[in-house]
Colleague: 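The following block contains the structure, expressed as structure tokens.
A, B, ... follow the sequence lines: proteins, then strands. Residue 1 opens every chain.
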Amino acid sequence: MTSQRQPLHEWTIDPERAVALQKSLAPRIECQDRISNVEHIAGVDIGFEDRGETTRAVIVVMRWPSLEIVERVLHRTPTRMPYIPGLLSFRELPAALEAFEQLTVTPDLLMVDGMGIAHPRRLGIAAHLGLWLDIPAIGVGKSRLCGQHDEVPEARGSWVPLTHRNETIGGVLRTRERVKPLYISTGHRLSLESSIEWVMQCLTRYKLPEPTRQADRLASRRTAETRRPEGDAAPGQESLSLE
DNA sequence: GCGACAG
DNA sequence: ATCTTGTCGC
């Protein structure tokens, strides 16, 4: 039986083709809740080292609602594309997908650093990843890519809509007082309201929700535990033990 | 034509 | 994102 599966997703590093791909995929993003029984939430983040030559993808899976870390994967691979505003997913998704393949547990919800549909063509990295994996996803950005919004009230938990071309594409959420707000947007299979609620539910004492914060820590600090001994320049993957 | 511009 | 020292504040 030759079950040749149709390629659900294509790939490219050509800017023009990437833009066309985004336009064709954006309509497939679901902005309504289609999620249930959340047992594991994953934080996804990408970092770089060697002046950007090496991409480091990190995924941290936490049990819900205890927020205890149950698994962490760190995957390193050569960087293949430069950073181009609006095409971030084409630079970082390959590494994230490879890291995802190494997980032993499949998360029920993803919190991805960057935008969901709060993107010029409505397909930020969180939406792209959520669609690719068909897993509910939320875009958790630390700054704005596009759209406009009023100032966000100082109270923790307050938020204002982020609009672009007469559409609400996300929400600017105050996760901590006196700290710059976060840009939350639907990634896939979740409404904006639910996305914000999930982020709030994962907050502790920091600006970032735990899944994102934990992934962020591991992705952006090349110290003893993430550093290769020496002489070993061959990129590869490695799973990190907890503890 | 002139800015703006996730990570 | 990453390169970098110290510093202000709870």
Side-chain angles (χ1 to χ4, degrees), chain A residues 13 15 18-19 21-22 25-26 29 43-60 74-99 110-132 137-149 154 156 162-165 167 169-173 175-188 192 195 199 204-209 211-223 226-227 235:
Chain A
I13 60 170
V19 168
L21 211 44
Q22 294 181 321
L25 294 176
I29 296 300
V44 182
D45 190 31
I46 280 68
F48 298 86
E49 53 185 77
D50 300 333
R51 293 175 309 173
E53 290 175 32
T54 300
T55 298
R56 188 170 53 235
V58 170
I59 298 181
V60 176
L74 187 162
H75 177 73
R76 301 163 78 246
T77 185
T79 301
R80 311 171 192 177
M81 189 181 167
Y83 167 68
I84 299 175
L87 301 183
L88 183 67
S89 66
F90 291 86
R91 168 177 165 81
E92 308 186 340
L93 273 201
L97 291 170
E98 287 163 7
L110 308 174
M111 287 194 178
V112 188
D113 69 296
M115 314 306 254
I117 62 170
H119 174 282
R121 291 170 293 283
R122 308 293 184 264
L123 195 79
I125 187 170
H128 204 163
L129 181 60
L131 177 64
W132 192 296
I138 299 172
V140 180
K142 293 183 285 296
S143 62
R144 185 188 65 87
L145 170 59
C146 67
Q148 301 294 313
H149 66 84
E154 279 301 324
R156 180 174 183 276
L162 174 65
T163 61
H164 181 57
R165 296 174 189 168
E167 271 185 295
I169 59 177
V172 192
L173 176 69
T175 54
R176 273 206 68 176
E177 302 184 341
R178 294 187 176 188
V179 174
K180 290 209 335 179
L182 252 33
Y183 290 76
I184 309 302
S185 56
T186 291
H188 189 44
L192 171 60
S195 299
V199 169
T204 56
R205 57 173 300 200
Y206 306 94
K207 167 187 181 178
L208 300 172
T212 299
R213 194 177 75 85
Q214 293 299 335
D216 212 65
R217 283 177 47 168
L218 245 188
S220 46
R221 73 176 215 186
R222 63 274 170 273
T223 48
T226 60
R227 167 118 275 160

Colleague: Which side-chain N or O atoms in residues 90-98 of chain A pair as donor and acceptor under 3.5 Å with protein atoms at least two apart or in another chain?
Modeller:
| residue | atom | partner | partner atom | Å |
| --- | --- | --- | --- | --- |
| R91(A) | NH1 | M81(A) | O | 2.6 |
| E98(A) | OE1 | H75(A) | NE2 | 2.6 |
| E98(A) | OE2 | R80(A) | NH2 | 3.2 |

Colleague: Do R217(A) and Q214(A) have side chains that get closer than 4.5 Å, going by heavy atoms?
Modeller: yes
Colleague: If you write DNA chain C from 5' to 3' in dot-bracket form, with Watson-Crick or G-U pairs under 3.5 Å, [ ] for crossing pairs and | for pairs with another strand, what do you get?
Modeller: ..........
Colleague: Please name all residues satisfying salt bridge (charged side-chain N to carboxylate O under 4.0 Å, His left out) with E177(A), sequence neighbours left out, ordered by chain then number.
Modeller: none
Colleague: Side chains of H128(A) and Q22(A): does their closest heavy-atom pair fall under 4.5 Å?
Modeller: no
Colleague: Starting at the 5' end of nucleotides 2-7 of chain B, put B wherever the base has a protein heavy atom under 4.0 Å, S where only the sugar-phosphate does, and a dash everywhere else.
Modeller: --SBBB
Colleague: Fill in the dot-bracket string of DNA chain B, one character per base: . for unpaired, | for a pair to another strand, ( ) or [ ] for pairs within the strand, taking Watson-Crick or G-U pairs under 3.5 Å.
Modeller: .......
Colleague: Taking only residues two or more places apart in sequence or in another chain, which ones pass side chain to side chain contact (heavy atoms under 4.5 Å, CB included) with P85(A)?
Modeller: Y83(A)
Colleague: Just jot down the side chain to side chain contact (heavy atoms under 4.5 Å, CB included) partners of A118(A), sequence neighbours excluded, or say none.
Modeller: M115(A), L162(A), I169(A), S185(A)
Colleague: Mind checking salt bridge (charged side-chain N to carboxylate O under 4.0 Å, His left out) for R213(A) and listing every partner two or more places apart, or none if nothing turns up?
Modeller: E210(A)
Colleague: Would you call L145(A) and P120(A) a side-chain contact if the rule is heavy atoms closer than 4.5 Å?
Modeller: yes
Colleague: Holding to salt bridge (charged side-chain N to carboxylate O under 4.0 Å, His left out), I want the full list of residues that pass it with R51(A), two or more places apart in sequence or in another chain.
Modeller: E53(A)
Colleague: P209(A): which residues meet the side chain to side chain contact (heavy atoms under 4.5 Å, CB included) condition with it, sequence neighbours left out?
Modeller: M111(A), V140(A), L182(A), V199(A), C202(A), L203(A), P211(A), T212(A)
Colleague: Applying side chain to side chain contact (heavy atoms under 4.5 Å, CB included), run through L208(A) and T175(A) and close with a yes or a no.
Modeller: CA-CA 7 Å; L208(A) 300 172; T175(A) 54; over 6 Å; no
Colleague: Taking only N/O atoms, report every protein-nucleotides 8-10 of chain C pair under 3.5 Å with atom names and distance.
Modeller:
none

Colleague: Under the side chain to side chain contact (heavy atoms under 4.5 Å, CB included) rule, collect the residues that match up with I59(A), sequence neighbours excluded.
Modeller: A42(A), V44(A), V61(A), A99(A), F100(A), L103(A)
